[in-house]
Amino acid sequence: MNKLPFVVDAHTHLFNARYVPLQGILESWGIWKLPAKLISKLAYSLTASSTLQERLASFSVTTQKGATEKICNEFAHLVCIEIEHYLPGELSEEGTSNPELAKAYQEKFINSELYSVLREIHQYYGDSESARELELDYIKTKLTFKAETQAQDKISGWFSGIHKMIERMLRKSLEFLENAADKIDFVLNMLRSEVGILKRLKGYYGNFAENYVLFHYMMDMAHPFHDNPKYEFYDQQLERMTALENYSEGIVLGFSAFDPLRFVSQSATDRVLRDAIERSLEHGKAGFKFYPPMGYKPAGNEPPVERVVDYFLDFCVEYSIPVFTHCTPEGFQAYKGSGLNSDPDYWEQALTKSEQRKTMRLCFGHAGGGKRKVNGRWVKGWLAETEEEWSDPNNYAGKVVELCRRYPHVYCDLSYLHEIVGCKKAQENLARRLEIELTREATVDKPFKLADKIMYGSDWHMVSMVNDIEAYFGQIKDIFEKQKMQPFADRFYFKNALRYVDLEAYIKRAENVFSSNYVARLENIAGLL
């Protein structure tokens, strides 16, 4: 693939398992409560382990054939590698371990979070083999031996019962799930450290572009799922994400998240709301993600929620802070049907609450989406084949385009249209619709062109994109290499994204938060506009 000079991926995620209520997410996919709880506890115990990073860095699924089996096996193998982490390093040259070291190893392991989780998993998915491997004296007996090879070479074989137990749990949990391979690989990917996740994404864009920037979005999901992430949002997540952004030296531009339900339950005063918003900005965040499927809307909420939402949106309008919102009828739904809270009609209500609101700096993630089910029937979104399908009242994509053309700072990103991966017809439909919409001229009632408002995004590392970003980017690139689409390419790949985020204003806010290298790189990029 030929590299592009510059690309902004306006929609990525770099958090790991400890940032999200993983059990709640797994349950929302249809995994039963018990295995969801056990898988999430196992994931938390493994996440960011230094012993796993090298293995994870080299692991990828290149084909769907047998992918679920391969990923389940890898997940189980990582558990065995992590058990090896507790192995004492001082083994004698003859291959006989020191009994005292063996005892210390055993005590360290049985007091670990991982051992506790494995014991719990064994209650439901274990057998005699895993029971034997979890006995208190098993480790000490295995380590106190005379062998031809070192213990590290035998450790995986020692725990074959645990390996089988983990595979058994995963297979049974995923048995009736759609897209099971992508879903368990999403969890597997989330075991990486934040830096490990960033390195994986940089590996892709190093092949795609000579230069690139990644917009990263946090998620505040604790309240809707009634399941607390391992890291608390304001005390830990903000700090860690700011450190990751600084580490990137200007490659990662981060957005915080705002969950109004968190503050309704606290009966928050305006001062509390302002302090929370400003706290994110003080951590160098460029803006906020607002995620309606979590159980709230941009307008039309119950009065206590509406007050919090209005305060947040009015603050962002007053200070020209970008708001990014999920916009398809689906997503991480807090309850069945809550994805419909993303309907652009609610955003039109929010945008017209006052004259000042019309200046809101807003981006619709996924630009309304592709083929999705709305109110019991399918709509085509960006894959519409006819004008009738495009103008369907339930078609979010058409409504997003209308708002982009009517309001000065409303944008959209073309992410997660995963239907185009491996489907020529879907790709052709998208290409045709993009050509129609991007070539429309401004009018009196729609004074802005979509060509100045739409941008590239992937939504990596979400479920259907975690393994498909290369194919997705390649197919998008094919569309914009067509002769009629080439005039729009620079705006689509980077210019519109940098205008949406108001890069120069962001640099001024961030210059006292980040390193000089971080700021200098963004200043150079600002010169491209």
For the rings on [X] and [Y], is their centre-to-centre separation under 6.0 Å?
X: Phe473; Y: Tyr456; result: yes
X: Phe215; Y: His11; result: no
X: Tyr212; Y: Phe208; result: no
X: Phe186; Y: Trp29; result: yes
X: Phe288; Y: Phe312; result: yes
X: Phe15; Y: His461; result: yes
X: Phe290; Y: His326; result: no

Hydrogens and angles aside, do [X] and [Y] bring a side-chain donor and acceptor to less than 3.5 Å of each other?
X: Tyr205; Y: Asp9; value: yes
X: His283; Y: Thr242; value: no
X: Arg432; Y: Asn429; value: yes
X: Asn211; Y: Arg521; value: yes
X: His216; Y: His13; value: no
X: Lys380; Y: Thr386; value: no
X: Ser515; Y: Asn517; value: no
X: Gln236; Y: Tyr19; value: no

- Query: Quick one: salt bridge (Lys or Arg N to Asp or Glu O under 4.0 Å) pairs with a partner in residues 39-48, sequence neighbours left out?
  - Reply: Lys41-Glu120
Under 4.0 Å between a Lys/Arg side-chain N and an Asp/Glu carboxylate O for [X] and [Y]?
X: Asp220; Y: Lys289; value: no
X: Arg307; Y: Asp270; value: yes
X: Arg357; Y: Asp310; value: yes
X: Arg240; Y: Asp235; value: no
X: Asp343; Y: Lys399; value: yes

- Message: Please check this pair: side chain of Glu306 against backbone of Asn301, looking for a donor-acceptor N/O pair closer than 3.5 Å.
- Response: yes
- Give a yes or no answer on whether the side chain of Tyr518 reaches the backbone of Val252 with a donor-acceptor pair at less than 3.5 Å. yes
- Return the orientation label for the Phe480 and Phe492 ring planes: parallel under 30°, perpendicular over 60°, tilted otherwise. parallel
Applying side chain to side chain donor-acceptor pair (under 3.5 Å), name anything that partners [X], two or more places apart in sequence or on another chain.
X: Asn341; answer: none
X: Tyr247; answer: none
X: Trp390; answer: Glu437
X: Ser256; answer: Ser280

- Message: Under 6.0 Å from the ring centre and within 45 degrees of the ring axis: does the NZ or CZ of Lys285 meet both conditions for the six-membered ring of Phe255?
- Response: no
- Query: Under the 6.0 Å and 45° cation-pi test, does Lys358 pair with Tyr407?
  - Reply: no
Around atom [atom1] of [X], are there more than 12 heavy atoms from other residues, nucleotides or ligands closer than 6.0 Å?
X: Glu355; atom1: CD; result: no
X: Lys353; atom1: NZ; result: yes
X: Trp32; atom1: CH2; result: no
X: Glu302; atom1: CD; result: no

- Query: Below 4.5 Å, heavy atoms only, C-beta onward: do Arg274 and Phe315 meet side chain to side chain?
  - Reply: yes
- Item | Results of salt bridge (charged side-chain N to carboxylate O under 4.0 Å, His left out) for Asp478 - residues two or more places apart only | none
